[in-house]
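Here is the structure we will look at.
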Number of protein chains: 2
Amino acid sequence: MTELLIPDVNRVNCPSRVILEHVTSRWGVLVLAALLERSYRFSELRRHVGGVSEKMLAQTLQALERDGFVLRDAKPVIPPRVDYALTPLGEEAAGQVSSLARWVERRVPDVQAARAAYDEAKA
Amino acid sequence: MTELLIPDVNRVNCPSRVILEHVTSRWGVLVLAALLERSYRFSELRRHVGGVSEKMLAQTLQALERDGFVLRDAKPVIPPRVDYALTPLGEEAAGQVSSLARWVERRVPDVQAARAAYDEAKA
DNA sequence: CTGCATCCTAAATGATACTG
DNA sequence: CAGTATCATTTAGGATGCAG
């Protein structure tokens, strides 16, 4: 019989894992959370998300765009102006990762306390 | 004046980013989601989460334990038996990542359609 | 300004062998 | 069984230069 209870995401090489990794990637999370507030231009986003390189930002945005989470709007002007915004699908994803990010920020003290206890128990 | 509107997570080397990366890491997500259902033994978890190596599972569990998300219960028997379970803090985190994972699974068809459209538009 | 292409380094991950 | 240690490999990431 088939094991219907095992989620797809626990299988190797399944499509959902790849998507999940785009959404939860180091820069993917931060980009989605930023775009949830408003749309951003490329270099604006680069300044907003601290520490992201040009290369990684472009790469992250392309993956999110291809997955249908982000909409790229390149205006035919000189100098180039490209705006990035969330699609409706992207808003759903961004809502969840942003909520998670905010939860983590609230729990930083708890985690730091847990680490202190863990490290002391080791010593 | 200080920019109070910029979340901590957008800053480089902030504590919340590190925590977020533990929680959203490739194996962290899957381990948390698994432990949300029930507690697991080490090798049981290894079989449940497809493709995870022994080394990465141990490393992931240690990071989650140190952060206060996972409780490790090593029973003094031979052969060794170690159970892993979520702490209350871990349950909160796991609830969110698991919800995200399930959302992604439901949206796989939408993403695949978006990719097909994207790839075709390129060609 | 918004990228892409290239090269290079650092970090994550995997495979294997080994220990209590 | 539940890991640790080591080595090899893969991948992520950063720096730079250049084009539209």
Side-chain angles (χ1 to χ4, degrees), chain A residues 10-14 17-31 34-35 39-67 70-85 118 121-122, chain B residues 10 12-13 17-31 34-35 39-67 70-85 118-119 121-123:
Chain A
N10 283 313
R11 302 190 63 261
V12 189
N13 290 338
C14 63
R17 258 196 205 184
V18 179
I19 302 169
L20 193 60
E21 279 161 22
H22 289 167
V23 167
T24 62
S25 70
R26 183 170 183 193
W27 305 117
V29 174
L30 302 177
V31 164
L35 292 178
S39 70
Y40 279 87
R41 298 183 57 178
F42 185 86
S43 49
E44 216 180 12
L45 198 50
R46 181 148 146 61
R47 282 186 296 273
H48 185 78
V49 178
V52 67
S53 70
E54 194 177 270
K55 177 187 169 183
M56 289 314 298
L57 182 56
Q59 191 173 313
T60 300
L61 284 168
Q62 281 170 20
L64 294 176
E65 187 197 358
R66 191 170 102 97
D67 286 354
V70 162
L71 204 66
R72 178 176 184 277
D73 179 21
K75 309 199 187 289
V77 297
I78 293 183
R81 177 192 176 98
V82 183
D83 287 311
Y84 291 92
Y118 179 94
K122 287 272 164 182
Chain B
N10 283 313
V12 189
N13 290 338
R17 262 197 201 183
V18 180
I19 301 169
L20 193 60
E21 280 162 22
H22 289 167
V23 167
T24 63
S25 69
R26 182 168 183 196
W27 305 118
V29 174
L30 302 178
V31 164
L35 292 178
S39 69
Y40 278 87
R41 298 182 59 176
F42 185 86
S43 49
E44 217 180 11
L45 198 50
R46 182 149 146 59
R47 282 187 297 272
H48 185 78
V49 177
V52 66
S53 68
E54 202 174 78
K55 177 186 168 184
M56 289 312 299
L57 181 56
Q59 192 174 314
T60 300
L61 284 168
Q62 281 169 17
L64 294 177
E65 187 195 358
R66 190 170 104 99
D67 285 355
V70 162
L71 203 67
R72 178 176 183 275
D73 179 22
K75 310 201 186 286
V77 297
I78 292 181
R81 178 192 176 98
V82 182
D83 287 311
Y84 290 92
Y118 180 94
D119 292 344
K122 288 272 162 181

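Below, read A as the first sequence line, B as the second, and so on, with proteins coming before strands; counting in each chain starts at 1.
One can place CG of A/D73 at 15 Å from C1' of C/dC1, the figure rounded to the nearest angstrom. One atom, CE of A/M56, and another, P of C/dA5, lie 16 Å apart when rounded to the nearest Å. To the nearest angstrom, C1' of C/dG14 lies 10 Å from CZ of B/R46. Separating the OH atom of B/Y40 from the P atom of D/dG3 is a distance of 17 Å, rounded to the nearest angstrom. Rounded to whole angstrom, the span from the CG atom of B/D83 across to the P atom of D/dG3 amounts to 10 Å. Atom P of nucleotide D/dA2 and atom NE2 of B/H48 are separated by 16 Å, given to the nearest angstrom. Rounded to a whole Å, the CG atom of A/L57 is 14 Å from the P atom of D/dA15. Atom CZ in A/R26 sits about 12 Å away from atom P in C/dT13, given to the nearest Å.
Closest contact between the side chain of A/F42 and the listed nucleotides C/dC1, C/dG3, D/dG13 involves C/dG3. Closest to the side chain of A/S43, out of C/dG3, D/dC1, C/dC1, is C/dC1. If you check D/dA2, C/dC4, D/dC1 against the side chain of B/P79, the one that comes closest is D/dC1.
Counting heavy atoms from C-beta on, the side chains of A/V70 and A/L35 come closer than 4.5 Å. Using a 4.5 Å cut-off on side-chain heavy atoms (C-beta onward), A/L57 and A/L45 make contact. With contacts defined as side-chain heavy-atom distances shorter than 4.5 Å, the pair A/Y84/A/V31 does not qualify. Proximity of A/V52 to A/M56: side-chain heavy atoms (C-beta onward) are separated by under 4.5 Å at one or more points.
When each of B/S53 and A/R41 is assigned the nucleotide of DNA chain C bearing its nearest heavy atom, the one mapping closer to the 5' terminus is A/R41. Between B/K55 and A/P80, the residue anchored closer to the 5' end of DNA chain C is A/P80, taking for each the nucleotide with the nearest heavy atom. Along DNA chain D, the nucleotide nearest to B/R47 and the one nearest to A/W27 differ in position, and the one closer to the 5' end is contacted by B/R47.
Counting non-hydrogen atoms under 4.0 angstrom, A/R72 reaches the backbone sugars and phosphates but no base. If you check every strand for non-hydrogen atoms under 4.0 Å, A/E54 touches a base. The residue A/Q62 sits close only to the backbone: its heavy atoms come under 4.0 Å of sugar-phosphate atoms, none of a base.
Note on B/Y84: a side-chain N or O is less than 4.0 Å away from OP1 or OP2 of D/dG3. The phosphate of C/dG3 has neither OP1 nor OP2 within less than 4.0 Å of any side-chain N or O from A/R81.
The backbone N or O of A/R11 sits less than 3.5 Å from a side-chain atom of A/R17, completing a donor-acceptor pair.
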